[in-house]
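Computed over heavy atoms, backbone and side chain alike; hydrogens, waters and symmetry mates excluded.
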Amino acid sequence: MERVNNEKKKESKFKRICVFCGSSPGKKISYKDAAIDLGTELVERHIDLVYGGGSIGLMGLVSQAVYNGGRHVIGIIPKILMPREITGETIGEVKTVADMHQRKAEMAKHSDAFIALPGGYGTLEELLEVIAWAQLGIHDKPVGLLNVDGYYNFLLSFIDKAVEEGFICPTAHHIIVSAPTARELMKKLEVN
């Protein structure tokens, strides 16, 4: 038990991490558990959260876990999505922006790293954009995949195939760090 306590006290090199994830909870309980575990892991490492601003689905779970743990939460949401993704009270600080492009720029500006939980088109689009930005040298922030129950295995296979076929440079393969649990992913991101 002492080892776990020492691990929790260790300061992270990250002050804020941006989490991309679904505004839906998904069908498996493991996705919900992973969102809460990631939030708890961020709190234990004294890391604040930047996220899409919604209060539903995995977004709501991870943000509530971080907020309940006493860390600062910044939600960045386009005006058009507010009625759809915010139900009830907002969580933490909410910044309203004009559109999705501004949302991603703001999220990136306020973050030291990125993590994707399971999600749909929006999550994938946000994730691929920050990967492309890293490949182009626009940022050098770590990008992590929380590969819950192998959710992202097909994406990782696609990236392997794109490297094999010469569409992604082999040196860019390292941009993504993947792990099945929040604790393992954070350990990998800390040394990346």
- Task: Please report the closest heavy-atom contact between Tyr31 and Gly26, naming both atoms and the distance.
- Result: CD1-CA, 4.1 Å

- Query: Near His72 NE2, under 6.0 Å, is it more than 12 heavy atoms from other residues, nucleotides or ligands?
  - Reply: yes

- Message: Tell me if a side-chain donor or acceptor on Tyr151 pairs with a main-chain N or O of Gly119 at a distance below 3.5 Å.
- Response: yes

- Item | Carboxylate-amine/guanidinium contact Asp48 Arg71, below 4.0 Å | yes

- Message: I'd like to know if Lys187 and Glu190 make a salt bridge, using a cut-off of under 4.0 Å between side-chain N and carboxylate O.
- Response: no

- Could you tell me which non-hydrogen atom of Leu146 sits nearest to which non-hydrogen atom of Ala182, and how far apart they are? CD1-N, 3.5 Å

- Message: One pair to check against side-chain contact (heavy atoms from CB on, under 4.5 Å): Phe114 and Leu127. What are the steps and the verdict?
- Response: CA-CA 8 Å; Phe114 306 94; Leu127 172 66; over 6 Å; no

- Message: Can you confirm whether Phe14 is buried at CZ, in the sense that more than 12 heavy atoms of other residues, nucleotides or ligands lie under 6.0 Å from that atom?
- Response: yes

- Message: Give me the atom names and distance for the closest heavy-atom approach of Ile36 to Ala65.
- Response: O-CB, 4.0 Å

- Pairwise distance CZ(Phe158) to CD(Glu165) - rounded to 0.5 angstrom: 11.0 Å

- Message: Here's a test for you: under salt bridge (charged side-chain N to carboxylate O under 4.0 Å, His left out), which of Lys109, Lys104, Arg103 qualifies with Glu106?
- Response: Lys109

- Item | Minimum heavy-atom distance between Met59 and Ser23, given as atom pair plus value | CE-CB, 3.5 Å

- Side-chain touch Ile76/Gln102, heavy atoms, less than 4.5 angstrom: no

- Message: Measuring from atom CG of Leu38 to atom CG of Asp33, what distance do you get when rounded to the nearest 0.5 angstrom?
- Response: 12.5 Å

- Kindly indicate whether the side chain of Ile168, heavy atoms from C-beta on, has any atom under 4.5 Å from the side chain of His173. no

- Message: Between Lys95 and His110, is the side-chain contact (heavy atoms from CB on, under 4.5 Å) condition met? List the steps.
- Response: CA-CA 12 Å; Lys95 291 185 174 193; His110 292 288; 3.3 Å; yes

- dist Thr171:OG1 -> Gln135:CD (nearest 0.5 Å) comes out at 8.0 Å

- Message: Within the structure provided, determine whether Asn68 and Val43 are in side-chain contact (heavy-atom separation under 4.5 Å).
- Response: no

- Message: Using a 6.0 Å cut-off, check whether atom NZ of Lys15 has over 12 heavy atoms from anything other than its own residue.
- Response: no

- Could you please spell out the steps behind the side-chain contact (heavy atoms from CB on, under 4.5 Å) verdict for Glu164 and Asp160? CA-CA 6 Å; Glu164 180 185 315; Asp160 289 342; over 6 Å; no

- Check: His139 side chain, Val130 main-chain N or O, donor-acceptor pair, under 3.5 Å: yes

- May I ask you to test the Leu155-Leu124 pair for a side-chain heavy-atom distance under 4.5 Å? yes

- Item | Val177 vs Leu185 side-chain heavy atoms within contact, under 4.5 Å | yes

- Candidate list Ile91, Ile17, Val66, test side-chain contact (heavy atoms from CB on, under 4.5 Å), partner Leu49, passing option: Val66

- In terms of heavy-atom contacts, Ser12 and Arg45 come closest through CB-O, 3.6 Å

- Query: So, do Met107 and Phe20 sit near enough that their side-chain heavy atoms are less than 4.5 Å apart?
  - Reply: yes

- Message: With rounding to the nearest 0.5 angstrom, report the CG to OG distance, Leu58 to Ser63.
- Response: 10.5 Å

- CA sep, side-chain torsions, deciding dist, call: Leu117, Thr123, side-chain contact (heavy atoms from CB on, under 4.5 Å): CA-CA 8 Å; Leu117 278 161; Thr123 302; over 6 Å; no

- Query: Side chain of Lys79, backbone of Thr96: donor and acceptor closer than 3.5 Å?
  - Reply: no

- Task: Keeping the roles fixed (side chain from Lys141, backbone from Ser111), state whether a donor-acceptor pair exists under 3.5 Å.
- Result: yes

- Here the pair of heavy atoms bringing Val148 nearest to Ala34 is CG2-CB, 3.4 Å

- Would a 4.5 Å heavy-atom cut-off, applied to side chains only, mark Glu41 and Asp37 as touching? no

- Gln64 side chain reached by Leu61 side chain, heavy atoms, under 4.5 Å: no

- Task: Establish whether Leu136 and Ile176 are linked, either directly or via other cluster members, by ILVMFWY side-chain heavy-atom contacts under 4.5 Å.
- Result: yes

